[in-house]
Amino acid sequence: MIEAIEELERVIKEIAPFSVVEIEVPPQEELGDISTPQAMALAKILKKPPRTIASDIIDRLSTSDIFRSAEIAGPGFINLRFSDAYLQNWLRRVLRGEESALIRKVNQPKKINVEFVSANPTGPLHLGHGRGAATGMAIVNLLRKAGNSVVAEYYINDAGRQVRLLGESVFARYKELLGIRYPFPDDGYRGEYVREIALRILNKIGSVYRESSFEEVAEFFIKNSIEIMMERIKEDLHAFGVYFDNYQSERELYINGDVDSAIEFLRSSGYLYEKDGALWFASSRFGDDKDRVLKKSDGDYTYFSSDIAYHKKKIDRGFDLIINIWGADHHGYIPRLRAVLKALSYPEDRLKIHLVQMVNLLRSGRPVQMSKRAGEFVTLKEIMDEVGVDSTKFIFLTRSPDSHLDFDIEVAKKQSSENPVYYVQYAHARVMSIFRFAEEQGISKDKLRDISIGLLGLEEERRLIKKLIQYPLVFEKALRSLEPHRITFYLQELAGLFHSYYNRYRFVNEDKELTNARLCLAKVTGTILKEGLEILGVNAPERM
RNA sequence: GCGCCUGUAGCUCAGUAGGAUAGAGCAACUGCCUUCUAAGCAGUGGGUCGGGGGUUCGAAUCCCUCCAGGCGCGCCA
């Protein structure tokens, strides 16, 4: 597939150097194995009839190695069929474990920062964070598989009013545990976890702050509360199979002077001014709808200031690409951040902000009450325990990030035997099971003889092979759009073809040559299922 | 009021840098386990792609408009 893509790219770029080459799988398999509508897209630019362009493209293709046929269809589609020799050679390479058969590495690996989750350390992760976590991790996996050097990063908002409020809430519970009356802060965090944090602090330090006011011990309580909270958040993330390479603290940006130096930088560039006793950034000069305050008239910095410092630091760290994965409720923030990066002369196309839409939690069709104020909300941990990690991730990654997601706990659980995730995992487990059986018959998975595609002439076998070879194309499309759900859907289709074939034919049979060929097919299927599941961060079980 | 996202089968959703006869899972119904795992397979039914207009050889996809839902519009984070 990769050679086919490259051949088409080569030829199309000869004709139209700046066009983006679009390759797809035809809607009906009778039409061909792959196709391109490129000739029609080029017709307007080149001012030639699409079929003439198509014919020109076909003439330039060196069809013999890769393609068996190339035809013009309809208004100007080019439909191509792979030659048996090419298919056989590709299968052989996958069998040998050659990664280059599955993934085309990027020409120039990039240093990429992907920031996601970044939940405030004021409470446990909830389901919405889970969606961001699953999506972000899958995007990181995609980028890494393509050969990039990726830093998965979590930005900890551990400065400002919210964490102070957490500290005070914990302090109030601490006093309470000591049997001392203390007014609970008005908008304080009332969740049970706050009490747990207080208890841990109590166990650690005892009653030494029995008589203290919050002002006296604020630093201590804030710092410790955040640490305990982050510990728990990391535990949840790890249980969810999500790992960060770097946790960047907002507080440190202040302490290390990054905020001051970022502001100085903007000031020296002439983008700051004072008005009404506050310090403003002229973001409207860079596309934002209005200017934004960096330093309030009371002397405190806004959150925006540290965010500027944070992104300046990312740029200074030398990333070629900065990807932020945000919850959709932050979308209003995009123009001002883009304005910042413009002011910092960072090329516009090197900042990508991907929004992940909100998750509604339901139980049997009814919305689950979520009151953050009262501390009543369902945590990601609870969902993981009740529904399962793989199933939860799969549900997140079976939807476009743009779509609002209704997550029904009962449906996610009830489907647990018919859930698409098990369907895909089951296909993998079946491949493994076939090899366990073959092993009993004295056929080792690692000692398969060369595959001969001539023995795989059944319609179902051809269909499966053609689905398998689509994997590199699906990967590239997922990578280009940073949309892991494309992989998820592909895996379901692949699993479907495999199950169907499995049900009808025997892999291990009386004919040794045929058995060998079919086992090769099973092995390639297993490899690709595993490869795809790896990107999603979902387990590929040996047995179920 | 302004901005972003969404509206596709009874339900949950794919498909949208314009492309071929709009797909899948669930639910419903009918069959298939003495042979590599039935968490599976085979089959049946199910659609004004929210409405209306426009651009185009061609629109679920682009533009305009209206309707519906979600989210956001602070010297909060």
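Computed from a predicted structure; not experimentally measured. The chains referred to below are lettered A, B, ... by the order of the sequence lines, with proteins before strands, and numbering in each begins at 1.
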* **RNA chain B stem ranges, 3 or more consecutive Watson-Crick or G-U pairs under 3.5 angstrom** => B:1-7 with B:67-73, B:10-13 with B:23-26, B:28-32 with B:40-44, B:50-54 with B:62-66
* Verify the contact: side-chain N or O of Ser400(A) to OP1 or OP2 of rG15(B), cut-off strictly under 4.0 Å; return yes or no. => no
* Asked: Expressed in angstrom and rounded to an integer, what is the separation of Asn503(A) atom CG from rC41(B) atom C1'?
  -> 4 Å
* Is rC33(B) in the syn range, within 90° of 0, or in the anti range? -> syn
* Asked: Do Gln162(A) and Thr122(A) have side-chain atoms, one donor and one acceptor, less than 3.5 Å apart?
  -> no
* Asked: Got a sec, which residues hit salt bridge (charged side-chain N to carboxylate O under 4.0 Å, His left out) with Lys295(A), two or more places apart in sequence or on another chain?
  -> none
* Given that Ala495(A) and Phe437(A) both sit by RNA chain B, which one's nearest nucleotide is further toward the 5' end? -> Phe437(A)
* Do any pairs count as a salt bridge (charged side-chain N to carboxylate O under 4.0 Å, His left out) and have a residue in residues 43-55 of chain A, sequence neighbours left out, and if so which ones? -> none
* Given the C1' atoms of rG15(B) and rA22(B), what is the spacing between them in whole Å? -> 8 Å
* Counting only non-hydrogen atoms, which of residues 475-493 of chain A are less than 4.0 Å from RNA chain B? -> Arg480(A), His485(A), Arg486(A), Phe489(A)
* Do any side-chain nitrogens or oxygens of Arg430(A) fall under 4.0 Å of OP1 or OP2 in rA38(B)? -> yes
* Provide the distance between the two C1' atoms, one in rA60(B) and one in rA17(B), to the nearest whole Å. => 16 Å
* If you measure from the P atom in rA14(B) to the same atom in rC76(B), how many Å do you get, rounded? -> 37 Å
* **Rounded distance in Å - CD1 (Ile434(A)) to C1' (rU35(B))** => 13 Å
* Quick one: does Arg336(A)'s side chain have a donor or acceptor within less than 3.5 Å of a partner on Asp288(A)'s backbone? -> no
* Asp158(A) near the nucleic acid: base, sugar-phosphate alone, or nothing, with a heavy-atom cut-off under 4.0 Å? -> nothing
* Within the structure, does a side-chain N or O atom of Ser500(A) lie under 4.0 Å from either OP1 or OP2 of rG40(B)? -> no
* Taking the C1' atom of each, how far is rU55(B) from rU12(B), in whole Å? -> 34 Å
* Mind checking what makes side chain to side chain donor-acceptor pair (under 3.5 Å) contact with Tyr501(A), not counting sequence neighbours? -> Glu461(A), Arg518(A)
* Ignoring hydrogens and angles, state whether a donor on the side chain of His330(A) or Asn324(A) is under 3.5 Å from an acceptor on the partner side chain. => no
* Asked: On a whole-Å scale, what distance lies between the P atoms belonging to rU61(B) and rC49(B)?
  -> 10 Å
* To do: Using a 4.0 Å heavy-atom cut-off across all strands, classify Phe435(A) as base, sugar-phosphate, or nothing.
  => nothing
* **Sugar-phosphate only, base, or nothing, as touched by Phe498(A) at under 4.0 Å among non-hydrogen atoms** => nothing
* To do: Applying side chain to side chain donor-acceptor pair (under 3.5 Å), name anything that partners Arg161(A), two or more places apart in sequence or on another chain.
  => none
* Span that lies between the C1' atom of rG18(B) and that of rC13(B), in whole angstrom -> 23 Å
* Given atom NE2 of His354(A) and atom P of rC4(B), what is their separation to the nearest angstrom? -> 17 Å
* **Note: Arg436(A)-Glu440(A) ion pair, threshold 4.0 Å (strictly below)** => no
* Asked: Base, sugar-phosphate alone, or nothing: which one does Arg504(A) contact when heavy atoms must sit under 4.0 Å apart?
  -> nothing
* Below 6.0 angstrom between ring centroids: does that apply to Phe407(A) and Phe396(A)? -> yes
* Is Glu542(A) salt-bridged to Lys530(A), cutoff N-O under 4.0 Å? -> no
* Asked: Mind checking what makes side chain to side chain donor-acceptor pair (under 3.5 Å) contact with His354(A), not counting sequence neighbours?
  -> none
* **Under the side chain to side chain contact (heavy atoms under 4.5 Å, CB included) test, residues paired with Asp406(A) that sit two or more places apart** => Asn360(A), Leu362(A)
* Reading 5' to 3' through nucleotides 68-77 of chain B, protein heavy-atom contacts under 4.0 Å coded B for base, S for sugar-phosphate only, - for none -> -BBBS-SBSB
* Asked: Using the ring of each side chain (for Trp, its six-membered ring), is Trp326(A) parallel, tilted or perpendicular to Tyr333(A), with breaks at 30° and 60°?
  -> perpendicular
* How close or far is atom P of rG40(B) from atom CG of Asn419(A), stated in whole angstroms? -> 10 Å
* **Separation of rC36(B) P from Arg518(A) CZ (nearest whole Å)** => 15 Å
* To do: Write down the distance separating the P atoms in rC64(B) and rG45(B), rounded off to the nearest Å.
  => 40 Å
* Between Arg463(A) and Glu459(A), is there a side-chain N and carboxylate O pair less than 4.0 Å apart? -> yes
* Those residues that, when tested against Arg486(A), pass side chain to side chain donor-acceptor pair (under 3.5 Å) (two or more places apart) -> Ser481(A), Glu483(A)
* Atom pair distance, as rounded to whole Å: CD in Glu459(A) and P in rA42(B) -> 12 Å
* side chain to side chain donor-acceptor pair (under 3.5 Å) between Glu153(A) and Tyr310(A): does it pass, once the steps are laid out? -> CA-CA 12 Å; Glu153(A) 190 156 301; Tyr310(A) 177 41; 2.6 Å; yes
* Separation of Arg399(A) atom CZ from rA24(B) atom P, in whole Å? -> 17 Å
* **Euclidean distance, atom CZ of residue Arg51(A) to atom P of rA20(B) [Å, nearest integer]** => 16 Å
* **Arg462(A) and Glu29(A) ion-paired at < 4.0 Å** => no
* Of residues 18-40 of chain A, the positions that come close to RNA chain B - non-hydrogen atoms, cut-off under 4.0 Å -> Val20(A), Glu22(A), Pro27(A), Gln28(A), Leu31(A), Ser35(A), Met40(A)
* To do: Measure centre to centre between the rings of Tyr271(A) and Phe286(A), then say whether the value is under 6.0 Å.
  => yes
* To do: Using a 4.0 Å heavy-atom cut-off across all strands, classify Tyr423(A) as base, sugar-phosphate, or nothing.
  => sugar-phosphate
N/O contacts under 3.5 Å, protein versus nucleotides 27-31 of chain B?
from: rA27(B); atom 1: OP1; to: Glu418(A); atom 2: OE1; distance (Å): 3.1

* Measure from the ring centre of Phe77(A) to the centre of the six-membered ring in the base of rA20(B), then say whether that distance is under 5.5 Å and the planes meet at under 30°. => yes
* **Integer angstrom distance from the P of rU16(B) to that of rA39(B)** => 34 Å
* To do: Please determine if Arg363(A) and Glu386(A) form a salt bridge, counting it only when a charged side-chain N lies under 4.0 Å from a carboxylate O.
  => yes
